[in-house]
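Residue numbers begin at 1 in each chain, while the letters A, B, ... track the order of the sequences.
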Amino acid sequence: MFKSKTPKTFPSNNATLRYSSATSLVDPTTHQELHQHTFSNQPNDISQTPTSQFSQYLDPRFYLSQLLNCKSLYQVKQVHAQITTNGLIKNQIVANKLLYIYSLHKSLDYAYALFCSLSGKNAVSWSVMIGGYAKAGEFINSLRTFREYLRSGDKPDNYTLPFLIRVCRDTMDLQMGRKIHNVVYKNGLQSDVFVVAALVDMYSKCKVIGDAKQLFDKMPKRDLVTWTVMIGACTECGDPSEALVLFDQMREEDVVPDKVALVNVVNACAKTGAMHKAKVLHEYIVRNKFSLDVILGTAMVDMYAKCGSVDVAREVFDGLREKNVITWSAMIGAYGYHGQGHEAIDMFPMMLRSGILPNKITFVSLLYACSHSGLVEEGKRLFNSMQNEYGVKPDIKHFTCMVDLLGRAGKIDESLELIDHMAVEKDEGLWGALLGACRIHGHVELAEKAAKSLIELQPQNPGHYVLLSNIYAKAGKWQDVAKIRELMTHQKLKKIPGWTWIEVDNKIHRFSVGDHTHHQSKEIYEKLKCLLEELEAAGYVPDTNFVLHDVDEELKLGNLFSHSEKLAIAFGLISTPEHSTIRIMKNLRVCGDCHTFCKFVSQITSRVIVVRDANRFHHFKEGACSCGDYW
DNA sequence: CTAGGGTTAG
């Protein structure tokens with residue numbers, strides 16, 4: 001029999017072990033009896049049997065591999081039974097492995113029962129238990145077990161702490177996360193790559209990038225995963241450009257990226273919308289012979305679409321060997337926000353034919369595509385079929401798409417009816433969609449109601465006040481306008497700054513309203529001035545009626561001339577080759593006046609202009625926009 | 001014998 005200390009060498013088969021006749025030795029992978037006979041019937045034969053035939057049943061290594069091969073809980077329990085009968089449960093390595101395998105099969109109850117029965121628990125046993133609970137989402141049990149662990153007199157280590165940090169991340173419990181961070185310091189683990197990676201990830205999910213970056217910067221040596229979580233954290237917290245910078249720094253330190261790292265970088269690139277960077281990244285991936293698996297491939301499809309080229313996205317999509325529901329949804333979504341509604345809904349039957357079933361996000365993408373292309377009947381049909389034919393229950397997002405779709409088409413009554421009858425909680429997105437419809441079709445009273453609901457839901461969001469004030473302004477209710485403004489100043493609500501950026505010669509040029517910081521500022525304003533004269537000659541009228549934008553700054557009439565979009569386009573015109581496409585990006589929604597402006601520019605300059613705003617893409621060509629002119 | 005990072009909407 002084994003001592004509780006793990007022996008370095010395994011006992012030989014002439015140890016005085018007896019096999020019980022009750023033990024059935026079944027190979028869990030094949031369910032085949034390994035031997036027809038039971039050993040206890042022939043105890044005297046053991047010494048005469050060749051060593052190799054029996055040693056495996058006494059060898060812990062045999063059970064370790066048996067456990068790894070288990071395909072079901074049933075099989076695990078069978079091996080467990082063998083281990084118990086053979087007395088190998090006293091072997092800590094075997095016992096811990098068993099514990100671990102139970103947790104892998106999400107059988108935390110069995111794991112815990114085994115855990116309790118173990119006479120000799122070591123740090124690994126505790127870690128496996130704490131981690132098992134954490135991964136299964138049983139956070140309270142995980143924490144409880146950790147406390148018991150501390151009470152048993154042991155110190156938290158670089159195995160247990162990442163699990164706890166994971167609990168904090170998954171529950172978004174920043175307070176607890178900070179406490180554990182303190183424990184990390186007390187135990188001198190602030191440079192452990194596992195601990196730091198977990199902490200950075202936790203902070204980023206809680207949107208406190210500063211703490212994450214500080215921790216990261218102080219590390220003496222960072223490994224690939226630490227870099228990867230930091231890159232992901234930047235993207236998550238709204239600074240994808242920084243994520244791309246980190247990627248370059250990482251490579252400068254000779255850390256070689258793997259697929260997971262690249263997925264994070266591709267995501268960052270998608271967020272920045274920088275087409276040139278996207279191409280360079282793609283080349284890097286091809287040159288280094290990374291195969292495009294479903295995840296990386298999907299990320300790539302998404303990246304090209306969000307960087308402005310739905311066609312290249314489709315090429316990548318077509319080239320993927322494996323596509324899952326996420327890949328298809330990404331492609332459908334891409335067509336949707338590029339205003340190609342028909343292409344989007346055409347993908348749906350193709351997806352079904354390839355044997356992929358839609359999920360709720362697929363339907364969000366489909367309905368979204370319909371609403372942005374005015375495909376009312378198609379949208380209705382899809383909405384009705386999602387529950388009936390595919391068993392996907394509509395949630396608030398789907399209702400919002402429908403309200404948007406119906407509202408844009410002028411069917412406000414139908415929208416309202418849908419809202420009245422929906423059985424899910426209403427959120428700001430829904431009121432926003434209704435408001436959008438009111439804005440297009442001039443329903444002042446309803447718009448007022450929707451805006452008030454918005455403010456009620458999110459009193460801290462300045463955008464809602466601006467909207468309401470604009471509604472009043474349009475209706476000539478100037479006293480109400482003043483009241484809202486006063487309310488805003490009183491509550492010291494911060495305005496959301498709007499900006500537009502454009503990539504020229506691999507460099508990002510950023511503009512805000514009335515911006516004079518660009519080194520070619522003078523030329524830009526001159527160009528804009530000439531342009532406006534030409535545009536006005538062609539019939540463009542600066543649209544002071546469409547003052548319903550999200551940004552307070554840009555409301556001021558005097559600033560209409562120098563909206564960030566216009567500055568970026570003027571710069572694009574003077575700094576890019578004739579006839580080339582101008583791509584600009586805006587962090588908020590492009591306003592109605594700039595929308596009209598773009599149409600005219602595309603007409604008189606024969607340029608294609610692609611605008612990515614917070615919501616979607618607008619492709620301006622020969623005086624028209626792909627968005628169906630929903631302004 | 002245990003540990004961290006990956007795809008669609010928002």
Nearest-Å distance for atom pair [atom1]/[atom2], residues [X] and [N]:
| X | N | atom1 | atom2 | answer |
| --- | --- | --- | --- | --- |
| A:Leu161 | B:dT2 | CG | C1' | 13 Å |
| A:Tyr102 | B:dT2 | OH | C1' | 18 Å |
| A:Leu189 | B:dA3 | CG | P | 17 Å |
| A:Lys121 | B:dT2 | NZ | P | 19 Å |
| A:Leu64 | B:dC1 | CG | P | 6 Å |
| A:Ile101 | B:dC1 | CD1 | C1' | 10 Å |
| A:Leu68 | B:dC1 | CG | C1' | 10 Å |
| A:Gln66 | B:dC1 | CD | C1' | 17 Å |

Using a cut-off of 4.0 Å on non-hydrogen atoms, how would the nucleic acid contact of [X] be classed: base, sugar-phosphate, or nothing?
| X | result |
| --- | --- |
| A:Val128 | sugar-phosphate |
| A:Lys323 | nothing |
| A:Val193 | base |
| A:Phe194 | base |

Only distances under 3.5 Å count here; give the side-chain donor-acceptor pairs of residues 227-235 of chain A to other protein atoms, sequence neighbours excluded, each with its distance to 0.1 Å.
unit_1   : atom_1 : unit_2   : atom_2 : d
A:Thr228 : OG1    : A:Leu224 : O      : 2.7
A:Thr235 : OG1    : A:Ile231 : O      : 3.1

Pairing of A:Lys586 and A:Asp613 as salt bridge, 4.0 angstrom limit: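 Salt bridge between A:Lys586 and A:Asp613, a charged N being under 4.0 Å from a carboxylate O: no.
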Is the closest basic N to carboxylate O distance between A:Lys121 and A:Asp154 below 4.0 Å? no
Could you encode protein contacts along nucleotides 5-10 of chain B as a string, one character per nucleotide from 5' to 3', using B for base contact, S for sugar-phosphate-only contact and - for no contact, with a heavy-atom cut-off of under 4.0 Å? BBBBBS
Test of ring centre spacing under 6.0 Å for A:His80 and A:Tyr110: no
Ignoring hydrogens and angles, tell me if any N or O in the side chain of A:Tyr149 forms a donor-acceptor pair with the backbone of A:Lys155 under 3.5 Å. yes
Under the criterion side-chain contact (heavy atoms from CB on, under 4.5 Å), which of A:Arg178, A:Gln214, A:Glu236 is the partner of A:Tyr203?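 Exactly one pass, corresponding to A:Arg178.
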Any residue meeting salt bridge (charged side-chain N to carboxylate O under 4.0 Å, His left out) with A:Arg612, in chain and number order, not counting sequence neighbours: none
